[in-house]
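As the structure is a computational prediction, the values presented were derived from the model and not from experiment. Numbering starts at 1 and runs along the sequence shown. One-based numbering, in listed order, for ligands and for the atoms of each.
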Amino acid sequence: MKAVRLHAYHQQPVVQDVPEPGVKGPFDVVVKIGGAGVCRTDLHIIEEQWAEKSGVTLPYTIGHENAGWVHEIGSAVSNVAVGDTVILHPTPTCGLCQACRAGDDMHCVNSTFPGINTDGGMAEYLLTSARACIKLNPSTRPEDVAALADAGITAYHAVRKAVPLLYPGTVCVVNGAGGLGHIGIQALAALTATTIIVVDRNEDALKLASTLGADHTVVADGKHVAAVLDLTSGNGAEVVLDFVAEQGAQQDAFAMTRRAGSHFVIGYGSNIDIPTIDIISTERNVIGNLVGTYNDLAELMVLAQAGKVTLHTRQYPLDAALDALADLDAGRVRGRAILTP
Ligand SMILES: [Zn+2]
Ligand SMILES: [Zn+2]
């Protein structure tokens, strides 16, 4: 089969023939890939940013946002059958550790992360496990939903955690309305009655935000913190979801959070520098967010299949994987780039 293989850091991956994966363990599932999302994390992998954390041995196949059809199942698999349309939770987990038993999939002590530390889904077939498969309506096109497996679940997870804080009368700021942020806005609109303020530098992104559920939009032009304070009687927002978290946006996000409010860090790339006296005297919380749970993705798929969360995509054949990576790197992709093996 064809696969997008990374042979060396700081060099482009190669589309080449490799052996198809097969079922080995009783809970293994091989999925025929219908859509594989192309993500900024793939660029960071090529740049060697993940090398130490993942410990992956090169060469390997990248691609961690995957959906398709079940192709082969192990002897103990009972939740999906050959031919089912599925989206895959990004980490096949053990199911036995304390984190798994708490439903906290991202902190499983014995999981893999295909596309990060084992062979991923930019290929015709992917080896995963029964625990990662979420069965979809058979009419769902994998290429339409694949990016929800990482970008979508990450935005949804943060919103889902913030829901108890976002009762009617509250304000939530969405900092950044790009790939993740535009899903976050839709999830907020679907799950809460909070007032949604969206901040972004890009006017087109703000126009899109208005159609997706934003109550107010603010251009990130240097005066945006003051604008958000104006919209909130000088208090700031109960919750700020920071999908940017670099180049100063992370400091602005904290400044837009009201007393006793919560600043959710979702993007990554810079440091947060906050005087500790500001944290204790205002009781503001800074909260980390890592992808999401299996149930988060299952819930998000209910919203997606009901048309309440939609994703803008641009599709490329597997052979054009390098074009997709280059377009993403150059900022030429509107929405999300998807490979369709
Ligand atoms: Zn991703
Ligand atoms: Zn586990």
> Can you name the one residue among Asn289, Asp296, Asn295 that meets side chain to side chain donor-acceptor pair (under 3.5 Å) with His157?
Replying inline: Asp296
>> Angle at the Zn ion (ligand 1), NE2 of His64 to SG of Cys39, rounded to 10 degrees, please.
In response: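 NE2 of His64 and SG of Cys39 make an angle of 110° at the Zn ion (ligand 1), to the nearest 10°.
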> Under 30°, 30 to 60°, or over 60°: which ring-plane class applies to His89 and Tyr294, parallel, tilted or perpendicular?
Replying inline: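 Judged by the thresholds at 30° and 60°, the geometry between His89 and Tyr294 is tilted.
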>> Students often mix this up, so state it plainly: with edges at 30° and 60°, are the rings of His71 and Tyr125 parallel, tilted or perpendicular?
In response: tilted
> What angle, to the nearest 10°, do the atoms SG (Cys100) and SG (Cys97) form about the Zn ion (ligand 2)?
Replying inline: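 About 110°, to the nearest ten degrees.
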> Is Glu65 close enough to the Zn ion (ligand 1) to have an N, O or S atom under 2.8 Å?
Replying inline: yes
>> Suppose we only allow N, O or S atoms; which atom of Asp150 ends up nearest to the Zn ion (ligand 1)?
In response: OD2
>> I'd like to know if the side chain of Gln250 and the backbone of Val265 have a donor-acceptor N/O pair within less than 3.5 Å.
In response: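 Pair absent, no side-chain N/O of Gln250 close to backbone of Val265.
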